[in-house]
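All remarks here apply to the structure that follows.
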Amino acid sequence: MAQKLVQKKVCMLGSYAVGKTSLVQRFVKSIFDERYLMTLGVKTDKKLVEVDGHQVMLMLWDVAGSEDYFRVPMSYVRGAAGYLLVVDGTRPATLEGGLELRQDVEDEYGSLPMVACLNKVDLVQEWKLTGELVQPLEETGCPVLETSAKTGQGVEEAFLELARLVL
């Protein structure tokens, strides 16, 4: 008997320039572009994955990053089954911003499945996130993975782990 296709909306959340768009591009198209492309509003993409014998169409919502003067509209998260919270390992302030975003999501929609991506792990010399800094994120109980959109490290694992959690 054929398996029913399951569709799940998942959001990419994080501060500006943490690599959300690059992670989506690496996951969906296996490409990396050095140029910074600022997301305005939201961009959508999709990818079919198989998780634990289930066909899952991930509807990826790449949401513009939060900045000092811009908060992510929580309306973009409405209907999401879960989200990737992306943090730039070279900019510790993006971890603080990510934790605030996580709280905004919880306040608005309750506890949604989340996978945290400590992105840009390929920039070893510039890496600034220590275990002590990451501890509040680990205490949320969500998976915390090191990723690199540039090399592909951890990218597939992060999206597949989120797909597992939203099933």
Side-chain angles (χ1 to χ4, degrees), residues 4-33 35-52 54-89 91 94-120 137 140-150 152-167:
K4 188 175 116 181
L5 178 68
V6 178
Q7 288 192 49
K8 296 288 182 178
K9 173 184 173 180
V10 295
C11 292
M12 305 293 296
L13 300 177
S15 298
Y16 71 95
V18 293
K20 297 177 300 295
T21 300
S22 294
L23 286 170
V24 170
Q25 293 299 304
R26 170 61 73 182
F27 178 62
V28 174
K29 299 176 182 157
S30 298
I31 61 171
F32 176 77
D33 190 339
R35 294 172 298 165
Y36 174 64
L37 301 170
M38 184 172 164
T39 302
L40 299 173
V42 65
K43 283 192 257 180
T44 60
D45 223 319
K46 60 186 175 183
K47 183 168 179 176
L48 182 65
V49 296
E50 186 169 323
V51 180
D52 302 331
H54 298 277
Q55 295 284 317
V56 184
M57 180 61 77
L58 292 177
M59 310 305 288
L60 305 164
W61 284 49
D62 178 9
V63 179
S66 60
E67 297 184 54
D68 295 338
Y69 58 89
F70 174 76
R71 299 292 293 169
V72 171
M74 285 296 108
S75 60
Y76 287 142
V77 182
R78 184 176 299 121
Y83 60 103
L84 283 182
L85 183 66
V86 185
V87 172
D88 180 341
R91 294 170 31 224
T94 66
L95 175 59
E96 187 178 314
L99 288 168
E100 288 174 13
L101 262 172
R102 179 183 174 276
Q103 190 60 55
D104 290 349
V105 171
E106 287 208 351
D107 291 347
E108 191 76 24
Y109 300 107
S111 183
L112 293 178
M114 174 184 91
V115 172
C117 296
L118 307 181
N119 199 33
K120 304 187 184 179
L137 191 55
T140 66
C142 76
V144 178
L145 302 172
E146 291 184 351
T147 58
S148 167
K150 186 173 188 173
Q153 177 183 335
V155 175
E156 189 90 5
E157 295 88 338
F159 283 94
L160 292 178
E161 181 62 27
L162 184 59
R164 254 184 223 94
L165 291 174
V166 300
L167 274 178

For the residue pair Val10 and Tyr83, establish whether any side-chain heavy-atom pair is separated by less than 4.5 Å. no
Using every non-hydrogen atom in the two residues, find where Val166 and Ala81 come nearest and quote the distance to one decimal. CG1-O, 3.4 Å
For Cys117 versus Leu23, what's the shortest heavy-atom pair and its separation? CB-CD1, 4.4 Å
Counterpart residues, side-chain contact (heavy atoms from CB on, under 4.5 Å), relative to Asp107 (two or more places apart): Gln103
Can you sort out the partners of Glu96 under side-chain hydrogen bond (donor to acceptor under 3.5 Å, both in side chains), two or more places apart, ordered by chain and number? none
List the atom of Cys11, the atom of Val77, and the distance in Å for their closest heavy-atom pair. SG-CA, 3.9 Å
What residues, two or more places apart in sequence or in another chain, satisfy side-chain contact (heavy atoms from CB on, under 4.5 Å) together with Ala163? Val49, Val51, Leu58
Separation of Leu95 CG from Glu100 CD (nearest 0.5 Å): 10.5 Å
When you compare the side chain of Leu85 with that of Val105, does any pair of heavy atoms fall below 4.5 Å? no
Distance from Met57 atom CE to Gln7 atom CD, nearest 0.5 Å? 6.5 Å
Taking only residues two or more places apart in sequence or in another chain, which ones pass side-chain hydrogen bond (donor to acceptor under 3.5 Å, both in side chains) with Asp62? Thr21
Using modelled atom types and a 3.5 Å cut-off, is there a donor and acceptor pairing between side-chain atoms of Asn119 and backbone atoms of Val18? yes
Distance check, rounded to the nearest 0.5 Å: Gln153 atom CD versus Arg26 atom CZ? 11.5 Å
Rounding to 0.5 Å, atoms NZ (Lys20) and CH2 (Trp61) come to a distance of 15.5 Å
Please list, chain by chain and in numerical order, all residues satisfying side-chain contact (heavy atoms from CB on, under 4.5 Å) with Glu156, sequence neighbours excluded. Phe27, Lys47, Leu160
Is there a side-chain contact between Thr44 and Met59 (heavy atoms, below 4.5 Å)? no
Val155 versus Thr147, closest heavy-atom pair with distance: N-CG2, 4.3 Å
Atom pair CZ (Arg78) and NZ (Lys9), whose distance is rounded to the nearest 0.5 Å: 8.0 Å
Shortest non-hydrogen contact between Ala17 and Lys120, atoms and distance: O-NZ, 2.8 Å
If you take all heavy atoms of Leu162 and Pro113, which pair is closest and at what distance? CD1-O, 3.9 Å
Report the residues that fulfil side-chain contact (heavy atoms from CB on, under 4.5 Å) with Thr140, sequence neighbours left out, ordered by chain and then residue number. Arg102, Met114, Cys142
Hey, is the main chain of Asp88 close enough, under 3.5 Å, to the side chain of Thr94 for a donor-acceptor pair? yes
Go through the steps for Asp33 and Gln25 under the test side-chain contact (heavy atoms from CB on, under 4.5 Å), then give the verdict. CA-CA 9 Å; Asp33 190 339; Gln25 293 299 304; over 6 Å; no
Side chains of Leu84 and Leu60 in contact at under 4.5 Å (non-hydrogen atoms): no
